[in-house]
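Structure first, commentary second.
Below, all heavy atoms of this structure are taken into account, side chains as well, without hydrogens, waters or symmetry copies. Here is the naming used below: chain letters follow the sequence lines, and residue numbers restart at 1 for every chain. For clarity, every value in this text was computed on a predicted model and none was experimentally measured.
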Amino acid sequence: MSFTIATWNINSVRLREGLVQRLLKEESPDILCLQECKCPVEKFPLDAFRALGYGHFVARGQKGYNGVAILSRLPLREVGAFDFARLNHARHVAAELENGVVIHNFYVPAGGDVPDREVNEKFGQKLDYVAAMRDWAWKERPRRSILVGDLNIAPREDDVWSHKQLLKVVSHTPVEVEHLGAAQEAGGWVDITRQDIPEGQLYSWWSYRSPNWDAADKGRRLDHVWATPDIASAAHSSRILREARGWEKPSDHAPVFATFDL
DNA sequence: ATGTCAGCTGAAAGCTGA
């Protein structure tokens, strides 16, 4: 079988229900993983998505902040949710497809403004969260698994508009990149987007504060699709739907896609 | 430091988080 998975930080699923519908209609991924839904699960606007054929749903939500969900046209079975770093935040949910592939949907903490855990507790929580991802992967040794989400770290020099200018900006600091690399290595995770698009600048997020985001193009690749080595070679056709950043009342993130033939 | 969004509170405009 073949299926396409997409990941998108939606920045309020209730406010952007229409944009999600548009993505489902125009791109029809089999599975859509959302982050920053910003609502409790019982307030998630499911009806329109069901009507478009997305009848399967797992989620974790909370009022106002965070929140992750997996919408799917393929049957799913929830296989749990982590509370890494014991933040009591809705930042992860996992589901298994009928073929045994497990999908992990993550929303890693943004980490605040100052990249120093001594003065900024949020930065410490971010590092602790990613360290917990590493420890889990090391212990669990995941197989036939896909990990997607807003990891809030742009690891490579060509994942940001200016490596030099972002070295001290949260999302691209060496200590964050190191932590993410350790988590990736611990699970043997293959960066599918970069497997498919190895060269060149690649971004999935452009700040709302940049007035002319498209022309200025000061982006970062914060959203990722990873897979375990046993299924990584089945992946292809990765892409970032940059045009969605230009839709009416957009999210500041663009959806990232990959297709797996399994 | 700036810039722009979204949600919450408590009933408007200010705060927090991104």
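In this structure, A:W8 and A:W247 have perpendicular ring planes: the angle between them is above 60°, well past the 30° mark.
Of the charged side-chain nitrogens involved, at least one lies within less than 4.0 Å of a carboxylate oxygen, so that A:R117 and A:D128 count as a salt-bridged pair. A salt bridge between A:R22 and A:E248 is absent, with no side-chain N of the basic residue lying under 4.0 Å from a carboxylate O of the acidic one. Between A:R245 and A:D214 no salt bridge is recorded (no basic side-chain N to carboxylate O distance below 4.0 Å). For A:D83 and A:R60, the salt-bridge test fails: no basic side-chain N is under 4.0 Å from an acidic carboxylate O.
Positionally, the nearest nucleotide of DNA chain B for A:P211 lies more toward the 5' end than for the other of A:N66 and A:P211. Two residues, A:S207 and A:K38, neighbour DNA chain B, and the one matched to the more 5' nucleotide by heavy-atom proximity is A:S207.
Comparing the P positions of B:dG14 and B:dG10 gives a spacing of 15 Å, expressed to the nearest Å. Between B:dC15 and B:dG3, the distance separating the two P atoms is 16 Å to the nearest Å. Here, B:dT2 and B:dT16 have their P atoms 15 Å apart, quoted to the whole Å. Using atom C1' as the reference point in both B:dA12 and B:dC8, the two lie 13 Å apart (nearest Å).
Between the CG atom of A:L222 and the P atom of B:dG17 there is a distance of 19 Å, given to the nearest Å. Rounding to whole angstrom units, CZ of residue A:R245 and P of B:dT4 are separated by 13 Å. Taking atom CZ on A:R16 and atom C1' on B:dA18, their separation rounds to 12 Å, with Å as the unit. A:L15 has its CG atom 11 Å from the P atom of B:dC8, to the nearest Å. A:Q165 has its CD atom 19 Å from the P atom of B:dT2, to the nearest Å. The separation between A:K218 atom NZ and B:dT2 atom P is 17 Å, rounded to whole Å. Atom CD in A:Q62 sits roughly 14 Å away from atom P in B:dG7 (whole-Å rounding). In this structure, A:D113 places its CG atom 14 Å from C1' of B:dT4, rounding to the nearest Å.
Between A:R14 and B:dG7 there is no side-chain N or O to OP1 or OP2 distance below 4.0 Å. For A:S210, no side-chain nitrogen or oxygen approaches OP1 or OP2 of B:dT4 to under 4.0 Å. Phosphate contact (OP1/OP2 of B:dA6, side-chain N/O of A:K249, threshold under 4.0 Å): present.
Across all strands shown, B:dA11 forms no Watson-Crick or G-U wobble pair with both key distances under 3.5 Å.
Which of B:dT9, B:dG7, B:dG17 sits closest to the side chain of A:K63 comes down to B:dT9. Out of B:dC8, B:dA18, B:dG17, the shortest distance to the side chain of A:Y65 is found at B:dG17.
For A:F57 and A:F44, the distance between ring centers is under 6.0 angstrom.
A donor N or O paired with an acceptor N or O is found under 3.5 Å between the base of B:dA18 and the side-chain atoms of A:R209.
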Exercise answer: donor-acceptor pairs, residues 132-139 of chain A side-chain atoms, under 3.5 Å, sequence neighbours excluded:
none

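Nearest heavy atom pair, residue A:P155 against residue A:V177, reads O-CG1, 3.5 Å.
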Quick one: which protein N/O atoms are closer than 3.5 Å to N/O atoms of nucleotides 10-14 of chain B? Pair and distance per line, please.
none

